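Step one of this worksheet: look at the structure below.
The analysis underlying the following values was restricted to heavy atoms, covering all of them including side chains, and did not include hydrogens, waters or symmetry mates. Letters A, B, ... mirror the listed sequences (proteins, then strands); counts begin at 1. From a predicted model like this one, the values you see are computed outputs, not experimental measurements.
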Number of protein chains: 2
Amino acid sequence: MELSVPRYLQVKHGLERQIAQGTLRTGAFIPSEHELQAQFKVSRTTVRRAVELLVDDGVLTIIRGRGTIVAPTRLTHKVTDLMSFTELMRRQGLEPAAIGLRVERRRPAEDVAVRLGLGPGEEAYEVFRVRTADGAPISINVSFLPTHAVEVTGLAGLSREQSLYKVLAEDCFIEVSATEDTIQAVKATRAQAATLSVRSGDPLLLIERMAYTRDGSLIEFSRIHIRGDRYKHTIALRRR
Amino acid sequence: MELSVPRYLQVKHGLERQIAQGTLRTGAFIPSEHELQAQFKVSRTTVRRAVELLVDDGVLTIIRGRGTIVAPTRLTHKVTDLMSFTELMRRQGLEPAAIGLRVERRRPAEDVAVRLGLGPGEEAYEVFRVRTADGAPISINVSFLPTHAVEVTGLAGLSREQSLYKVLAEDCFIEVSATEDTIQAVKATRAQAATLSVRSGDPLLLIERMAYTRDGSLIEFSRIHIRGDRYKHTIALRRR
DNA sequence: GTTCATTTGTCCGTATGTATT
DNA sequence: AAATACATACGGACAAATGAA
């Protein structure tokens with residue numbers, strides 16, 4: 001039995017391959033929908049679906065009445081894709097690692113409890129880590145997870161796998177489907193400065209993230225303090 | 001002749017209205033696609049298109065085999081929507097204004113010229129502004145626009161309208177359709193500190209933005225230095 | 001455990017409208 | 001004016017997931 005990949009994805013991948021190989025060149029028109037139907041032996045509906053996805057990805061641009069071209073501008077990473085910290089680091093060409101992993105179960109500070117929507121006295125898991133890139137400390141990461149959403153045993157995988165989201169997906173079967181990041185510039189406290197090998201008062205990027213599952217329930221609140229001089233956070237947005 | 005709004009948008013707006021009015025409640029199932037067909041007197045294709053758009057907006061969540069619910073979690077702003085600085089400020093409940101508008105035409109610094117893709121000696125328009133919120137200076141904004149992309153006369157509207165993107169759209173008929181932001185934490189220089197009423201060395205958020213039109217050509221490169229203590233930058237992402 | 005109705009996912013063929021050349 | 005290409009819309013068919021009988 002074969003694993004059936006939807007036709008529209010097959011067409012999408014086919015087009016992506018042709019673009020990667022240079023068969024379809026940047027700025028040039030791709031075959032019309034009619035021609036693509038013949039080429040891939042699918043209906044127009046299916047062709048349009050594949051093209052639509054590539055337009056959303058910023059790979060293709062449709063010019064009504066004329067045709068569809070391979071978008072001349074290629075944003076550095078796929079638009080609006082949700083990315084874990086690990087992925088973000090790799091984009092910068094840095095090899096990410098984590099040290100000083102510590103998992104605790106306790107009542108978090110009140111502002112965190114409010115964000116997690118915890119009842120009075122309710123506890124949460126706190127995951128502490130210091131992330132490094134090419135060996136140098138680059139960020140201090142604290143994640144808070146509601147105890148009712150995840151088992152502590154499920155978090156054991158963190159010792160071998162750096163990505164919290166991967167562990168949640170593979171060991172807890174929890175898929176993070178949406179995030180909301182708030183980004184600020186703050187001064188490094190003395191403790192943070194020591195950990196990150198910078199001077200006290202130096203600028204840090206503070207990213208606070210709320211992560212949600214597909215059904216909309218909160219799965220994680222995290223705070224990441226990042227060295228301002230070693231890291232750039234990139235976001236691509238697209239108007240529909 | 002009537003201005004024809006596509007049926008799928010009519011359905012989308014109909015559903016949005018029902019959600020806003022509370023006819024469809026958060027967390028509850030909306031009518032099945034079959035029922036929506038009957039309700040709006042359209043085909044299933046059209047119903048599905050409308051629902052798909054609302055899912056992308058984070059308003060609805062589809063549970064396969066069961067139905068579609070009104071998403072319990074409402075992210076603070078529409079996911080992946082591209083927003084101008086003016087819009088972003090209003091979200092924070094602040095009244096934005098701009099002072100010290102200055103437009104110059106000249107050869108920009110080399111790193112900027114490279115980003116704009118300028119040929120040797122080619123010039124660009126530089127738009128300087130200091131943005132305020134509720135009267136207090138909050139950011140220093142410098143925009144660079146290629147001279148071949150926009151007329152200087154078109155930028156005259158900036159004196160009455162704060163939003164560069166609105167002026168580009170209304171006076172130059174240029175629509176910004178995608179942006180790529182890079183965010184860093186930096187130390188305020190002495191000049192920046194003076195302008196923003198902070199201390200030299202205090203943390204600032206530096207947002208560098210590349211803005212593109214629909215056909216993929218670069219229309220703007222901008223640098224925004226923002227007071228770290230007065231501003232939070234929020235981004236919502238969604239995995240497809 | 002199996003069957004069955006319901007609901008969403010994929011796919012097709014066709015028809016008509018609108019924009020561009 | 002005509003041809004081409006994308007946009008919208010319909011109706012039907014079967015597959016896959018879910019939950020209940």
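- Whole-Å rounding puts the A:Leu60 CG to D:dC6 P distance at 11 Å.
- In this structure, B:Ile30 atom CD1 and C:dT7 atom C1' are separated by 12 Å, rounded to whole Å.
- Searching all strands for a Watson-Crick or G-U wobble partner of D:dA1 with both distances below 3.5 Å returns nothing.
- Listed here is the closest heavy atom pair of B:Val5 and B:Gln10: O-NE2, 2.7 Å.
- Look at CZ on A:Arg7: it is 14 Å from C1' on C:dG13, rounded to the nearest Å.
- Rounded to whole Å, the distance from CD1 on A:Ile62 to P on C:dA19 is 15 Å.
- Atom CG of B:Leu9 is separated from atom C1' of D:dT8 by 11 Å (rounded to the nearest Å).
- If you measure from atom NE2 of B:His34 to atom C1' of C:dG9, you get 17 Å, rounded to the nearest angstrom.
- Taking 4.0 angstrom as the limit, B:Arg44 places none of its side-chain polar atoms (N or O) nearer than this to OP1 or OP2 of C:dT8.
- Between the C1' atom of D:dC6 and the CG atom of A:Leu36 lies a distance of 12 Å, rounded to the nearest Å.
- The phosphate of D:dA9 (OP1 or OP2) has no side-chain N or O of B:Tyr8 nearer than 4.0 angstrom.
- Where A:Arg66 and A:Gln10 each meet DNA chain C at their nearest nucleotide, the meeting point lying more 5' is that of A:Gln10.
- Contact annotation: A:Thr45 does not reach the phosphate of C:dT10 (side-chain N/O to OP1 or OP2, under 4.0 Å).
- At least one donor-acceptor pair under 3.5 Å links the side chain of A:Arg107 to the backbone N or O of A:Glu122.
- Atom C1' of nucleotide C:dT7 and atom CZ of B:Phe29 are separated by 10 Å, given to the nearest angstrom.
- For the salt bridge (charged side-chain N to carboxylate O under 4.0 Å, His left out) with A:Glu126, the qualifying choice from A:Arg106, A:Arg223, A:Arg102 is A:Arg106, the only one to do so.
- One finds a side-chain N or O of B:Thr68 lying less than 4.0 angstrom from the OP1 or OP2 phosphate oxygen of C:dT8.
- The shortest side-chain heavy-atom distance between A:Leu15 and A:Leu36 falls under the 4.5 Å cut-off.
- A salt bridge does not link A:Arg48 to A:Glu52: none of the charged nitrogens lies less than 4.0 Å from a carboxylate oxygen.
- Within the 4.0 angstrom heavy-atom criterion, only backbone atoms of the sugar-phosphate kind lie near B:Ser32; the bases stay farther away.
- Between B:Arg48 and the phosphate of C:dG9, there is a side-chain N or O to OP1/OP2 separation shorter than 4.0 Å.
- OP1 or OP2 of C:dT10 has at least one side-chain nitrogen or oxygen of A:Arg49 nearer than 4.0 Å.
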